[in-house]
Peer 1: 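First the structure, which I've put down as structure tokens, then a few questions once you've had a look.
Side chains are part of it too, since the values below use all heavy atoms of this structure and drop only hydrogens, waters and symmetry mates.
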Amino acid sequence: MEDQHHPHHHFPRRKRLERQLDSVILHFDCFYASVIENETPSLKNLPLAVQQKQIVVTCNYEARRRGLYKLQLIKDAKRICPEVVIVLGEDLTRFRDASKELYAFLKSFSWNGKVDRLGFDEVRFWLVSSVFMDISDIVDYNFSLLNHNDLANSFFCLSKDDPTLGFTFDAALVAGGTYPQAMNKTGKPAICSIRSAPSDCNDFLLRLHLGSHYARHVRQLLETQKGYTCTVGVSTNKLLSKLVGNLHKPNGQTTLLPPYDVSDTNTVVVDNVTSFVDGHEVGKIPGIGFKLAQKLRTHILGRPSELDLSAKENLVLRDERDVLVRDVRTFPGMGADVLERLLGGPGTPHGIGTRVWNLLNGFDDTEVGLAREVPKQISIEDSYIRLDTYDELLKELHMLARSLLNRMHTDLLNDDDDDDDDVDETPNESVLDAAAQDPKSTTKKRWMAFPKTIRLSTRPRPPQNPDGSRNRSFARISRSAAMPNFVFSLRDSTDSLADRLVSETLIPLFRRLHPEKSGWNLSLVNVAATNMVDAASDTAKGGVGRNIAKMFKRQDDVLRQWRVEEEDEIDLGEDAVRIEGEILRDADRFEIPDEVMKDVEAKPFPLVNTEEDVEQGGGGGSALWESEDEDMPDDDTFHCPQCGATLPLFAIEAHNRWHEQH
DNA sequence: GTGCGACAG
DNA sequence: ATTTCTGTCGCAC
């Protein structure tokens, strides 16, 4: 939620905090236990737990009813509920797919495109997808259509172009639940009537009503068309809509009712935003994580909270009362400055005091829809009880490399409809297996961004203590290198690319990380693609000129590297082969001078292995451990930002001409 | 640019 | 008695 920096930060200096009431924000929570239930409807009413490693990462409501919970050990879960259905959730691709589908679906209900997954990532806190939608424009438009004399017979218009598209509703009523909960005589939650609200809130309240009806409409379609149930919060900013949505779940929605501001009315001592946020434990506020909450609790209690001292069982927690937002907010002297001193410091983001103070007061000016289209980094990791043999390591690195490549494909490749371009394109030339995904369209995949760096991180198992007990350290160590260009190839199979990545890049990195040939024992391995560089953004139409400029700049860079290496006479032989390997693969696509083609050889596939390498221990056996240069020289090839092709330097001009002609 | 830690979910 | 898999940012060098 915090990760968006918006360029326009010219908020007029407000006298005091003043609520911004002109937006209507929806927050959708979709529970992925329902993804599995969708796939296998027979599971619907059974207790269902998703397992990762030794723990339950999430479970459905039936399982919760029987006492299962998140982060519970599988062993305990089975003891408490022997009939629980366990689903392996190590492979997140199904959930990512579902998340993407959900996101696309919700986006189709937005007019302004302000739809936002929490952060960039689709899957946030374990198999729950969280999406914000700013529907201020839709609400504004429909507000202007209201007949204030006959709210009960309103029509919600779903399209500015087609006034017949929409649904009828009662604008005097809110759809779904509310905070505070309205009660009728029977004691059951009742529908809140606008006529009972303070009159000066009417317009604002009406807009929230509109938002709630739109939310209900979208939820209904999501369920009937996609089969997902979700929970929705309706309010004026991300913080509030996310928090308030929690009040009716699963499969419900909640609207945070006015007054949002005490100045709205003289009859109310505290506004609903304040009373609502006040009741939350500090750590429950999105944006206040474990560490911040810990510092806040310590400050308020005057001692470390026992909640924070190693969660050492409920006995200790007996008398411990939660520290609520109210406790912090009303603490003597509390304010942004005090918080800045308390929470700030080396290594913490600037302005944290103000941000937290705002959150405590229900303010959140982060906007919806400014999420990046591509992540800054993609990483894959796995943890291990024990990973200390070279064999296993190779296997794991290969798995991680394959996953990383797959993620790069799903997250960094654009589907690009090329119906006006490439008229004489042969089907074969189309890259990747676009056909497998969408056989009908001539869809081409194109890289939206290129990670320039690859990083390998490990978490060595904490050193076995002399005194016998375990030491808790989760420190990671890492090394990085240039991302080899071949990973962007869209023709080679992921498996062979992964092989190459492991042997040519990851193993050398690992060697830098753990120079000892044995003796290491890892509890975690992570492979990351970082240092993301956007491909030219507007290649679709008329962006070619700019791209050519970029390409020449890049060509210059690469040529300079080349020259340096040439002068230094660094082991050119092998690289020359690699370059020619690329030439060979690209020769069928681009015109390449015959004199260059004539002495092309296939690149020998790098051999990776083996047990001997590790077990020979002493001075010398492993070829892998003996290579001279630490850094893998970058492939001296060029990848075209327009089509993703990898091609040799000298082919750039011809390639540009090719693009100009097509 | 590299490596690490803090932090959030 | 936990530690699961990401992603972002800022600091020191």
Side-chain angles (χ1 to χ4, degrees), chain A residues 1-5 29 50-58 69-76 88-93 95-96 99 117-130 242 283-295 310-314 343-352 355-356 359 366 371-372 374-385 400 403-404 407 411 451-459 461-462 469-483 509 512-513 523-533 630-631:
Chain A
M1 186 141 77
E2 233 73 10
D3 67 320
Q4 300 133 15
H5 42 266
D29 247 339
V50 179
Q51 172 183 16
Q52 237 172 28
K53 295 288 151 54
Q54 299 305 320
I55 58 174
V56 173
V57 288
T58 194
Y69 51 91
K70 276 191 300 204
L71 302 188
Q72 188 176 36
L73 286 174
I74 287 288
K75 186 160 60 87
D76 296 338
L88 288 182
E90 313 235 346
D91 181 11
L92 295 181
T93 48
F95 303 106
R96 282 192 232 275
S99 171
R117 287 176 273 195
L118 205 45
F120 168 84
D121 202 44
E122 329 80 49
V123 181
R124 279 297 186 193
F125 209 159
W126 298 128
L127 316 187
V128 173
S129 181
S130 171
K242 175 157 175 54
K284 291 281 174 21
I285 303 300
I288 301 181
F290 183 74
K291 294 283 187 179
L292 290 179
Q294 201 166 321
K295 286 182 191 166
S310 73
K312 195 127 193 177
E313 285 12 293
N314 323 333
L343 308 173
T348 60
H350 179 263
I352 182 81
R355 273 223 316 286
V356 169
L359 292 175
T366 57
R372 297 185 187 86
V374 295
K376 295 200 132 183
Q377 129 183 351
I378 296 174
S379 80
I380 301 288
E381 69 187 32
D382 208 343
S383 60
Y384 311 93
I385 311 277
L400 293 170
S403 314
L404 183 69
R407 288 274 263 108
D411 290 357
K452 283 200 307 191
T453 308
I454 183 166
R455 185 182 63 218
L456 177 70
S457 313
T458 64
R459 186 174 69 194
R461 184 150 295 289
S469 63
R470 33 114 177 110
N471 215 359
R472 278 206 305 186
S473 157
F474 294 96
R476 297 169 175 209
I477 51 179
S478 68
R479 293 293 180 273
S480 47
M483 179 72 79
L509 281 174
R512 282 212 271 148
L513 216 40
S523 63
L524 178 140
V525 179
N526 175 297
V527 183
T530 69
N531 208 347
M532 207 70 72
V533 173
E630 296 280 284
D631 293 311

Peer 1: Tell me whether the OP1 or OP2 atom of dT6(C) has a side-chain N or O from Ser379(A) closer than 4.0 Å.
Peer 2: no
Peer 1: Starting at the 5' end of DNA chain C and moving along, which residue's nearest nucleotide shows up first, Glu381(A) or Lys75(A)?
Peer 2: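 Its nucleotide being nearer the 5' end, the pick is Lys75(A).
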Peer 1: Find the distance Leu400(A):CG to dT6(C):P and express it as a whole number of Å.
Peer 2: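 Taking atom P of dT6(C) as the reference, CG of Leu400(A) is at 9 Å.
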Peer 1: Step by step, would you call Val525(A) with Leu456(A) a side chain to side chain contact (heavy atoms under 4.5 Å, CB included)?
Peer 2: CA-CA 7 Å; Val525(A) 179; Leu456(A) 177 70; 3.9 Å; yes
Peer 1: Look at Ser523(A) and dT3(C) and indicate whether a side-chain polar atom (N or O) is within less than 4.0 Å of OP1 or OP2.
Peer 2: no
Peer 1: Write down the distance between CG (Leu343(A)) and P (dA8(B)), rounded to a whole number of angstrom.
Peer 2: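 Computing the Leu343(A):CG to dA8(B):P distance gives 9 Å.
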Peer 1: Rounded to whole angstroms, how far apart are NZ on Lys295(A) and C1' on dA6(B)?
Peer 2: 8 Å
Peer 1: Can you tell me how far P of dG7(C) sits from CG of Asp411(A), to the nearest Å?
Peer 2: 7 Å
Peer 1: Out of dG3(B), dC7(B), dG7(C), which has the shortest distance to the side chain of Lys291(A)?
Peer 2: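 Closest of the options to the side chain of Lys291(A): dC7(B).
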Peer 1: Please classify the nucleic acid contact of Leu524(A) as base, sugar-phosphate, or nothing, using heavy-atom distances under 4.0 Å.
Peer 2: nothing
Peer 1: Say whether Ser523(A) and Arg459(A), considering side chains only, have a donor N or O and an acceptor N or O under 3.5 Å apart.
Peer 2: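 A pair is found: one side chain offers a donor N or O, the other an acceptor, under 3.5 Å apart.
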Peer 1: Leu404(A) has an atom CG; how far is it from atom C1' of dC5(C), in whole Å?
Peer 2: 14 Å
Peer 1: Return the value, rounded to whole Å, for the distance between atom CG of Leu456(A) and atom C1' of dG3(B).
Peer 2: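 Rounding to the nearest Å, CG of Leu456(A) and C1' of dG3(B) are 13 Å apart.
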Peer 1: Does the side chain of Arg407(A) come within less than 4.5 Å of Ile380(A)'s, by heavy atoms?
Peer 2: yes
Peer 1: For the pair Arg479(A) and Leu513(A), evaluate side chain to side chain contact (heavy atoms under 4.5 Å, CB included) and give the outcome as yes or no after the intermediate values.
Peer 2: CA-CA 6 Å; Arg479(A) 293 293 180 273; Leu513(A) 216 40; 3.4 Å; yes
Peer 1: Has the side chain of Arg476(A) got a donor or acceptor atom that lies under 3.5 Å from a matching backbone atom of Asn526(A)?
Peer 2: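 Such a contact is absent between Arg476(A) side chain and Asn526(A) backbone.
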Peer 1: Let me know the distance between CZ of Arg459(A) and P of dC5(C), rounded to the nearest Å.
Peer 2: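 Taking CZ of Arg459(A) and P of dC5(C), I get 9 Å after rounding.
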Peer 1: As a test of reading the structure: which of dC7(B), dC5(C), dC9(C) is closest to the side chain of Ser383(A), going by heavy atoms?
Peer 2: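 Of all the options, the side chain of Ser383(A) is nearest to dC5(C).
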Peer 1: For Val527(A), run the side-chain contact (heavy atoms from CB on, under 4.5 Å) check against Ile454(A), Ile378(A), Leu509(A) and tell me which one passes.
Peer 2: Ile454(A)
Peer 1: In terms of side-chain heavy atoms of Leu292(A), which of dC5(C), dT8(C), dC7(B) is nearest?
Peer 2: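 Closest of the options to the side chain of Leu292(A): dC7(B).
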Peer 1: Is Lys452(A) close enough to dG1(B) that one of its side-chain N or O atoms is under 4.0 Å from OP1 or OP2 there?
Peer 2: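 The answer is yes; a side-chain N or O of Lys452(A) sits under 4.0 Å from OP1 or OP2.
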Peer 1: What nucleotide among dT2(B), dG7(C), dC4(B) has an atom nearest to a side-chain atom of Ile477(A)?
Peer 2: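 The listed nucleotide nearest to Ile477(A)'s side chain is dC4(B).
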Peer 1: Nearest heavy atom decides the nucleotide; on that basis, is Gln377(A) or Tyr384(A) closer to the 5' end of DNA chain C?
Peer 2: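 Between the two, 5'-proximity favours Tyr384(A).
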Peer 1: How is Arg476(A) classified with respect to the nucleic acid when contacts are heavy atoms under 4.0 Å: base, sugar-phosphate, or nothing?
Peer 2: base
Peer 1: Specify the residue among Ala475(A) and Thr453(A) whose closest nucleotide of DNA chain B lies further upstream toward the 5′ end.
Peer 2: Thr453(A)
Peer 1: Nearest to the side chain of Lys376(A), heavy atoms from C-beta on, is which of dG3(B), dT8(C), dT6(C)?
Peer 2: dT8(C)
Peer 1: Whole angstroms only, please: what is the CG-C1' distance between Asn526(A) and dT8(C)?
Peer 2: 14 Å
Peer 1: Between Arg512(A) and dG3(B), does any side-chain N or O lie under 4.0 Å from OP1 or OP2?
Peer 2: yes
